[in-house]
Structure formats: C-alpha cells, structure tokens
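Note sheet for the following structure.
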Amino acid sequence: MHIAHLADVHLGHRQYGLLQREDDMANTFRSALGQIVESNPELALLPGDLFHSRDLRPKVLDDAERALADVPDDIPVLVSRGNHDENLTPRSVTWLNYLHRRDHIVLLEADLDDDTAEFEQYDPVEPGSKCGFYDHETDHGVVRVFGLQWRGARTDQALEQVASGIRATNDEHGEPAYTVLLAHFGIEDEVPALGGNVTHAELREIKEVVDYLALGHIHKRYDANGWIYNPGSPEAHSTTEVRDDWDHGYYTVTLDESEGTVGSAGPGDLEHDVTHHLTKRRPFFTTEFDVTSYDSPGDLETAFNDHLEKERTTLNTEISHERFQASGNRREPMVDLRFTGTLQFDRADLPVDRLAERTEDVFDALYVQTNTSGVTSADIQALLEDLDDEEVFIDGRLQTEVLEQRVFRTIATESQYSDHADEVASLLNTAHRMAQAEETAEDIRDTVSERRQELFPDLTDDVVIDVAEDPFAEQTTTDEPESSAETGEPDVVAESAAGTTGGDDE
C-alpha cells in the first residue's frame with residue numbers, strides 16, 4: 001500500500017503582493033498532486049494550511065477545486081486544519097468545510113470538549129458529515145487515520161486528549177494494523193527558533209498509539225525517530241528558507257509486512273518505508289555585497305555593477321535545474337539582495353532602490369528583496385567603540401540602561417525611520433524590557449504591531465477586513481504587499497479592521 005503526505009500549500013499567498021506568486025502556489029500544488037497521482041497512492045494526507053488565509057478570493061477557491069479535481073475519486077485526500085486555514089475560534093462553516101461537503105477532501109477534526117478527545121468515523125454514505133477518523137481497508141488490516149486541528153499553545157493538552165481518544169476509538173472499533181495522526185505543529189527539539197512548541201517528551205503517549213505522525217506547519221523538511229515526518233512546504237515562502245537550504249516537497253510512504261524497514265517499532269502490524277521528493281518551484285537566489293570598502297555612493301555603485309556581472313553566471317547555473325523550470329523554460333528568480341559591512345557615508349545616500357532595480361534588470365528577476373540589516377554605519381561603529389565616557393561608565397560600572405537607550409536612539413536615527421527616531425527608540429526599549437520580563441511573544445508582537453501601525457500606517461502588513469460568518473456571503477478584502485523585513489518567522493496578520501492579530505508559526 002502507498003500513501004502520499006504533503007503540507008503547507010498556502011493557496012492564495014500573494015507574496016510581496018505579486019500575483020505571480022499566488023499563481024506559483026497553485027501551480028506548484030497542482031504539479032505536486034500530479035506527481036503524487038502518478039505514484040498511485042491509496043491515500044493522500046494534508047495536515048494543515050491548504051489555504052494561506054481563511055478569507056479567500058474567488059480565484060483561490062477555484063484554484064483549490066481545480067487542483068483537487070485532478071485527483072481520482074478513489075484516492076481520498078485527508079486534511080486537517082492549520083492555523084492559516086482557521087484560527088483557534090473557528091467559524092461554524094469554513095472553506096475546508098465547504099470542500100469537505102463537496103467531497104473534494106475529507107476533513108478530519110477531533111472533538112476536544114472533554115478530557116478525552118472524541119473521533120467520529122467517516123461515513124461514506126454521508127461524505128459531508130463531521131468526522132475525526134478514516135478507516136481504509138487493506139489486505140493486511142485497517143489503516144486508520146486520525147486528524148487533530150491546529151491548537152497553538154494548547155497543543156500539549158490536546159495531545160493528551162488525543163492519545164486517550166485513539167485508545168477509546170480502538171476499543172470501540174477494533175485495533176488497526178496501522179495508525180496515522182495528522183497534526184499541525186512544530187517540534188521544539190527538531191526546529192529550534194522556528195515555532196516549535198511541542199517536545200518529544202510530550203509525544204510519548206502519542207507514540208504508543210501512532211505509527212506515523214504526519215506533520216505540517218514548519219516549511220522545512222525534517223523527520224525524527226522513524227515515526228515523525230514533516231515534508232516541508234511545496235513552495236518556498238521566504239528567502240531564509242532557501243538561503244538555509246531547506247528541502248521543500250512531499251513524502252511517499254510504502255506500507256508492508258516486511259522486516260527491517262524504518263518504521264518497524266510502531267504499535268501496529270504494518271511497517272513503513274518513507275521517501276522524500278522535491279517539488280518543482282520558483283527559484284530563489286541570494287547575493288551579498290559588502291559596502292565597507294567604498295567611500296562614496298558612486299564608488300559603491302560602480303563596484304556593485306561589477307559584482308552583479310560576476311554573480312550572473314552563478315545565478316544562471318543554479319536556476320537551470322529542472323525543478324526550477326516550467327515546461328522546460330527558465331523561470332524568473334526571486335532574488336534576496338543582502339548588504340553587509342560598515343558604511344563609510346551617510347546611510348541616506350545608500351541608493352538601495354536603484355541598486356535593487358539594477359539587480360532586477362541584470363538577473364531578469366521576478367522580484368528583488370533587499371536587506372540592509374547587516375549594514376552598520378560608521379557612526380554606530382564609533383559609538384560601540386567609544387564606551388568609556390562618564391555617562392556610560394560610573395565608578396567603573398557599565399550603565400546598561402543608558403547604553404541601551406543610546407544604541408536604540410542611534411539605530412533609529414540611522415534607519416529608514418529617522419523621522420520618528422525618538423518614538424522608534426522608545427518602542428525598541430519597551431520591547432526589550434518586555435522580553436527581559438519574560439512576557440509572551442504574542443504580547444510583545446501586539447505591542448510592536450499596534451505602535452507600528454500608529455507611527456507608520458502606510459506600512460501595515462496584509463490587512464484583511466473581517467467578513468460575515470457565512471463563507472458563501474459576499475466578501476470584501478484589502479490586500480497589501482507584505483513587509484520587506486523577512487525574518488523567517490511566521491506571518492502576523494491583522495484579522496479585522498480593529499487591529500486584532502493572529503499569528504502563524506512556521
């Protein structure tokens with residue numbers, strides 16, 4: 001028996017406000033499904049983030065239905081809910097519910113109202129009804145698939161409920177030959193600093209009743225201990241993901257009764273052998289330029305043009321790989337343009353926009369993302385070297401608060417936010433103090449987000465006007481380009497005009 005496992009499709013993600021990137025998400029998903037169908041699986045698993053937002057443009061829903069229509073009816077697509085599909089207080093009807101009722105997918109969700117999770121069995125007679133597990137009959141017994149929806153910080157509690165719920169389900173319906181759990185979370189020990197909120201210790205009870213933990217949420221492929229698998233998103237969603245050489249793709253899983261395969265230690269009678277496949281996606285390319293050696297903007301720009309010409313050959317070699325091409329043709333790359341070093345002249349004279357335009361022209365790029373966080377001005381460098389004045393040192397003791405405020409003020413003055421240097425310095429200081437007090441990341445994020453919207457309303461990320469509970473009602477959304485500051489951390493989305501925020505944690 002063969003199973004396919006992909007996750008984090010993010011249909012509708014219009015990265016940097018580019019329509020082409022929204023199309024990329026749909027095309028890569030459709031291409032991946034085509035490859036999966038060719039492998040002739042009996043089940044396809046998709047643990048979360050089929051969509052990038054719970055509020056869809058009509059074209060995004062159409063893209064989803066067209067792609068899923070390519071999957072033969074005898075290959076059920078089993079889906080669980082991710083944090084982008086819906087937040088922790090879901091609507092009574094969502095777009096995943098709609099696809100479930102149209103029989104495009106089987107949406108699996110646990111009932112977590114009690115101490116023990118309850119799972120309703122999928123009913124083929126009523127395919128649109130609520131369900132929590134799906135039984136697939138094989139010659140060697142039942143393959144049983146459970147679904148756990150996104151639970152955020154409550155995931156550890158939900159996992160305890162799920163372990164009890166799986167035991168109760170097996171007592172009622174009989175022990176399966178093989179058990180799969182779909183879930184959407186990161187594992188702390190496997191993906192440090194990438195939103196992992198579950199430890200291996202918190203998975204011990206789940207491991208006793210699950211043979212294959214099919215994860216989504218982190219866009220990087222990883223697997224652990226022969227039973228935990230996360231395939232990585234089909235498309236790259238940030239330059240960090242590519243620069244750090246993350247694998248993006250899907251798994252194919254073969255189940256049999258032979259000995260010595262990877263999954264031989266699970267609770268069921270069957271064993272698994274897992275293979276990862278890279279998806280075809282748009283190429284990303286990173287180029288770095290050190291500004292330290294140039295005393296004037298003119299000298300820097302001349303050297304930068306020479307740098308681009310040298311890099312062009314490297315870029316063309318990297319993006320010529322078959323997995324980055326469309327029908328054998330070159331695809332315009334996404335370019336991560338990073339500046340580093342110590343700037344010898346006023347930061348305001350660094351012609352970032354013009355250098356980005358030149359890069360787009362020379363590299364024939366779809367988009368150039370600039371990053372100047374690695375640049376330190378000569379003024380800041382001098383500040384860091386000159387710490388022995390009476391204000392910073394008193395009786396030989398470093399006055400950290402005074403130093404921090406001076407550094408924050410200098411950074412704000414030297415940044416693109418110089419018109420609000422005092423306010424930005426104060427906000428940096430506030431966030432720093434909150435972190436020292438171990439306040440939650442959500443509280444710090446909300447504080448920074450709210451103040452940022454007050455100071456810079458034109459730079460607000462991805463504002464989405466909330467819509468009626470009925471997904472079939474007329475919708476109104478406002479799409480803004482994403483922030484130019486990519487950190488590799490999850491997106492923060494304003495879910496209503498009032499400024500309510502919801503986070504993702506890739």
Side-chain angles (χ1 to χ4, degrees), residues 3 5 7 43-50 54 76-83 85-101 103 105-137 141-185 197-198 202-217 227-228 266-268 469:
I3 298 174
H5 170 199
L43 297 173
L45 315 177
L46 205 166
D49 285 357
L50 173 61
R54 66 178 187 170
V77 180
L78 310 183
V79 178
S80 62
R81 171 162 56 84
N83 56 306
D85 299 310
E86 187 68 25
N87 62 25
L88 290 175
T89 54
R91 298 162 174 168
S92 57
V93 179
T94 70
W95 290 114
L96 290 181
N97 295 128
Y98 165 81
L99 293 175
H100 176 66
R101 293 177 181 181
D103 208 18
I105 65 172
V106 176
L107 179 61
L108 301 178
E109 295 186 289
D111 185 344
L112 300 171
D113 290 339
D114 298 321
D115 292 338
T116 297
E118 294 186 2
F119 296 96
E120 300 233 3
Q121 186 173 16
Y122 173 77
D123 184 353
V125 178
E126 297 184 28
S129 59
K130 182 178 178 180
C131 57
F133 76 95
Y134 184 100
D135 275 354
H136 182 75
E137 299 284 347
V142 170
V143 173
R144 182 165 294 159
V145 183
F146 293 88
L148 171 62
Q149 59 272 31
W150 160 254
R151 299 303 296 160
R154 307 174 198 173
T155 301
D156 55 347
Q157 176 185 347
L159 289 172
E160 294 179 7
Q161 296 172 272
V162 167
S164 298
I166 290 176
R167 290 189 177 95
T169 299
N170 294 345
D171 288 343
E172 180 180 354
H173 296 273
E175 290 289 336
Y178 191 82
T179 302
V180 177
L181 174 63
L182 307 186
H184 197 80
F185 57 80
N197 61 335
V198 173
E202 292 168 332
L203 291 172
R204 286 173 184 162
E205 285 196 55
I206 291 293
K207 187 177 181 180
E208 293 178 2
V209 292
V210 169
D211 298 280
Y212 185 102
L213 179 57
L215 289 178
H217 192 45
W227 73 289
I228 300 170
E469 287 296 308

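Numbering starts at 1 and runs along the sequence shown.
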Item to check | Side chain proximity check, Asn83 to His184, heavy atoms < 4.5 angstrom | outcome: yes
Checklist outcome for this item: Separation between CZ (Phe119) and CG (Leu112), nearest 0.5 Å, reads 7.0 Å
Checklist entry - Do Leu50 and Leu96 come within less than 4.5 Å of each other through their side chains, counting heavy atoms only? => result yes
Item to check | Separation between CG of Asn170 and CZ of Phe133, rounded to the nearest 0.5 Å | outcome: 8.5 Å
Item to check | Nearest heavy atoms of Pro47 and Ala183, plus distance in Å | outcome: CB-O, 3.5 Å
Checklist entry - Would Tyr212 and Ile3 satisfy side-chain contact (heavy atoms from CB on, under 4.5 Å), going step by step from the backbone distance to the final call? => result CA-CA 11 Å; Tyr212 185 102; Ile3 298 174; over 6 Å; no
Next on the checklist: Among Asp135, Thr179, Thr169, exactly one meets side-chain hydrogen bond (donor to acceptor under 3.5 Å, both in side chains) together with Arg144. Which residue is that?
Outcome noted: Asp135
Checklist outcome for this item: Looking only at heavy atoms, the pair that brings Ala7 and Gly216 closest together is CB-CA, 3.7 Å
Checklist outcome for this item: All heavy atoms of Leu148 vs all of Ala158, minimum pair found to be CD1-CB, 4.1 Å
Item to check | Between CD on residue Glu86 and OG1 on residue Thr94, distance to nearest 0.5 Å | outcome: 5.5 Å
Checklist entry - About how many Å separate CZ of Arg101 and CG of Leu107, when rounded to the nearest 0.5 Å? => result 10.0 Å
Item to check | Straight-line distance of Asp156 CG to Phe185 CZ, nearest 0.5 Å | outcome: 10.0 Å
Next on the checklist: Counting C-beta onward and ignoring hydrogens, is there a side-chain heavy-atom pair between Tyr122 and Pro127 closer than 4.5 Å?
Outcome noted: yes
Next on the checklist: Can you confirm whether more than 12 heavy atoms, excluding those of Asp171, are under 6.0 Å from its CG atom?
Outcome noted: yes
Checklist entry - So do the side chains of Asp85 and Arg54 get within less than 4.5 Å of each other, counting heavy atoms only? => result no
Checklist entry - Is it the case that more than 12 heavy atoms not belonging to Arg167 sit under 6.0 Å from its CZ atom? => result yes
Item to check | Separation of Arg81 CZ from Leu108 CG (nearest 0.5 Å) | outcome: 12.5 Å
Checklist entry - Taking the side chain as C-beta and beyond, is there a heavy-atom pair between Trp227 and Leu203 under 4.5 Å? => result yes
Checklist entry - Taking the side chain as C-beta and beyond, is there a heavy-atom pair between Glu175 and Pro267 under 4.5 Å? => result no
Item to check | Heavy-atom donor-acceptor pair, Gln149 side chain to Ala110 backbone, under 3.5 Å | outcome: yes
Item to check | Worked check of side-chain contact (heavy atoms from CB on, under 4.5 Å) between His136 and Val145 | outcome: CA-CA 8 Å; His136 182 75; Val145 183; over 6 Å; no
Next on the checklist: For a 4.5 angstrom cut-off between non-hydrogen side-chain atoms, does Arg151 reach Gln157?
Outcome noted: no
Checklist entry - Would Cys131 and Val106 satisfy side-chain contact (heavy atoms from CB on, under 4.5 Å), going step by step from the backbone distance to the final call? => result CA-CA 8 Å; Cys131 57; Val106 176; 3.8 Å; yes
Checklist entry - Does the side chain of Gln161 come within less than 4.5 Å of Thr116's, by heavy atoms? => result no
